[in-house]
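Notes follow once the structure below has been shown.
Order of listing sets the numbers, starting from 1, for every ligand and every atom in it. The shown structure was predicted, so the numbers you read here are calculated from the model rather than taken from an experiment.
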Amino acid sequence: MNTEIYLDANATSPVMEAALAAAVQAMRDGFGNPSSTHATGLRARALLDSVRAQARKVLGAGEGRVLFTSGATEGIQTAVLSALCAVRDARLRGEATGDLLLYGATEHKAVPESLAHWNRLLGTNLELVKLPVDGHGQHLLHILRDLAPRAAMVCTMAANNETGVVSDLDGIAAVLRDSGSRAYWMVDSVQALGKLTLDLSATRIDYAPFSGHKLYAPKGVGLLYVRAGAPFTPLMCGGGQEAGQRAGTENMAGIAALGAVLDALADGGTFRTHAELVQYRGRLAEALCAALPGVVFNADVDKSLPTTLNFSVPGLASRELLNLFDAAGMRVSAGSACSSAAAAPSYVLEAMGLPAWRCGAAVRLSFGPMASAALIDEACARIAMCGEALRRAPLAREAAPVPDQACCDSHALNQAALASLLAEHPDALLVDVREPCEFAVSGPCRDGVQNVPLSCLPEHIDAWLRSGAAPLVFFCRSGARSARAVACAQRLGYVNAWHVAGGLAMNDVALRRAG
Ligand code: PLP
């Protein structure tokens, strides 16, 4: 298969070369503990300080705190814990506080889950209230105006990870100011870094968490901005690192890598300009419109990140389009990576009040600000190829039974088992049960493979049974459809049926080599 086109940057990004080099350097030569007072430690401390200084500059942190964390989920916990401890303490002093925890209906799950968790653990017993959004994903400011005076904390993300919708933070700030709200304000800024201009200390925002792996740094490193004067309670205590604000020996490799990304942001030149990104997104949107008749976009382009497109195609479920794009070597997603395993309709699009079919058919395509014109050219070509494949081989709808887990496990082949079965049975039939359009865009993984989509299996099984009972080996993209194929074959009396666990995604090379 041709090279992989990665268009799932809102889930995570590759690590940029300079970040990789900085991480290796920090592990190999600068391995000191920044708390040590000898020269090796002092060198690590110097690196830590310089990355923090760069972060302060890029975020416009002013007099605020900037802490290194393990990622945004930790930053969110710290912010929520800090705000709720302040509310609890104020109550203990007999002061009046708000009684609501307000969060945008399209927030990442980490936000409502943290609010509920710390509210329960601290016994603050505030009421969690979802702040609704309109059909464009924008917070309903008139509802915020009504509720803000009662809010103890307000959480409104800077930009949504599924749709790319950019929140009206100035509008929210104005409502909080005009309503006299004393609520602490957290803005999950994960998707904003590198795509929107930040000048945090010039705003009323109290807490802003960031995550390195969404912008070319590795997983396991992040930042938390805390406004000067906003309450702060450490999430972890121990050896006093981060000036006692976040204990635990620092992740120096991750911090060094994040430093390289921040340097690139500060220096300019590495990342595409906003106008270039808008142009790239426009080209992808045009390619989608040409390839997929009836496609609708689920966010307004002028109020969303220039790096995200969320769309639905009538008659095509998210999963079907994802499978097709994956077969064409294009990695996209149905929404957030955390919920993609659940295959449920997008709660973000549901909150926007979009029709059920659009929530169940949504596909997100996202790229990073280092995207190149060549990547976009190739993505457009592959989108066209997928459209063509769909026209030539429309989807056959699946009709195979859902397998029971025990049967599925006992008939699953891992790489070694697949190799020995094929060595013992050169007559085994290899059946690719993906849709014909997926098969067409990726091509057969080896000679002799038959392509029979799930819905057409019953009519083939009879013929295969009549011609003898050689082992049948089903495979697909991930192993889900091939497990259903085994269940179908067994139900129809073909017991010598197997499937490749993990599918082509995990066994591409083994399947090509097999036999
Ligand atoms: N907030 C948003 C908007 C995100 O997209 C993500 C990542 O999926 C998170 C929070 C959680 O970030 P992390 O993976 O760094 O914990």
Would you list the atom pairs, donor with acceptor, under 3.5 Å between side chains in residues 78-89 and any protein atom, with sequence neighbours excluded?
from  : atom 1 : to     : atom 2 : distance (Å)
Thr78 : OG1    : Glu74  : O      : 2.8
Ser82 : OG     : Thr78  : O      : 2.7
Ser82 : OG     : Thr233 : N      : 2.9
Ser82 : OG     : Thr233 : O      : 3.4

State the atoms of ligand 1, each with its element, that fall below the 4.0 Å cut-off from a heavy-atom position in [X].
| X | result |
| --- | --- |
| Ser211 | 13 (P), 15 (O) |
| Gly71 | 15 (O) |
| Asp188 | 1 (N), 2 (C), 3 (C), 10 (C) |
| Met157 | 3 (C) |

Per the ring-ring contact (aromatic ring centres under 6.0 Å, His included) rule, what does the pair list look like for residues 123-182, sequence neighbours excluded?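 Every pair satisfying ring-ring contact (aromatic ring centres under 6.0 Å, His included) with a residue in residues 123-182: there are none.
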Taking side chain to side chain contact (heavy atoms under 4.5 Å, CB included) as the criterion, tell me which of Ile255, Leu258, Thr69 meets it with Leu223. Leu258
Only residue of Leu322, Leu321, Val295 satisfying side chain to side chain contact (heavy atoms under 4.5 Å, CB included) with Leu316 is Leu321
Check: Gln54/Asp263 side-chain N/O donor and acceptor closer than 3.5 Å: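 Present: a donor and an acceptor within the cut-off.
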Whether Lys214 lies under 4.0 Å from ligand 1, heavy atom: yes
Mark the output for His213 as yes if a heavy-atom distance to ligand 1 is under 4.0 Å, and as no if none is. yes
Arg52 and Glu242 ion-paired at < 4.0 Å: yes
Between ligand 1 and Ala72, is the shortest N or O to N or O distance under 3.5 Å? yes
If you measure every N or O of Asn10 against every N or O of ligand 1, does any of those distances drop under 3.5 Å? no
Using heavy-atom distances, let me know which of Gln191, Lys219, Glu107 sits nearest atom 5 (O) of ligand 1.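 Result: the heavy atom closest to atom 5 (O) of ligand 1 is in Gln191.
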For ligand 1, does Asn161 get within less than 4.0 Å through its side chain, its backbone, both, or neither, judged by non-hydrogen atoms?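 It is the side chain that touches ligand 1; the backbone stays farther off.
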Please test Asn298 against Ser312 for side-chain hydrogen bond (donor to acceptor under 3.5 Å, both in side chains), starting from the C-alpha separation and ending with a verdict. CA-CA 7 Å; Asn298 295 323; Ser312 306; 3.0 Å; yes
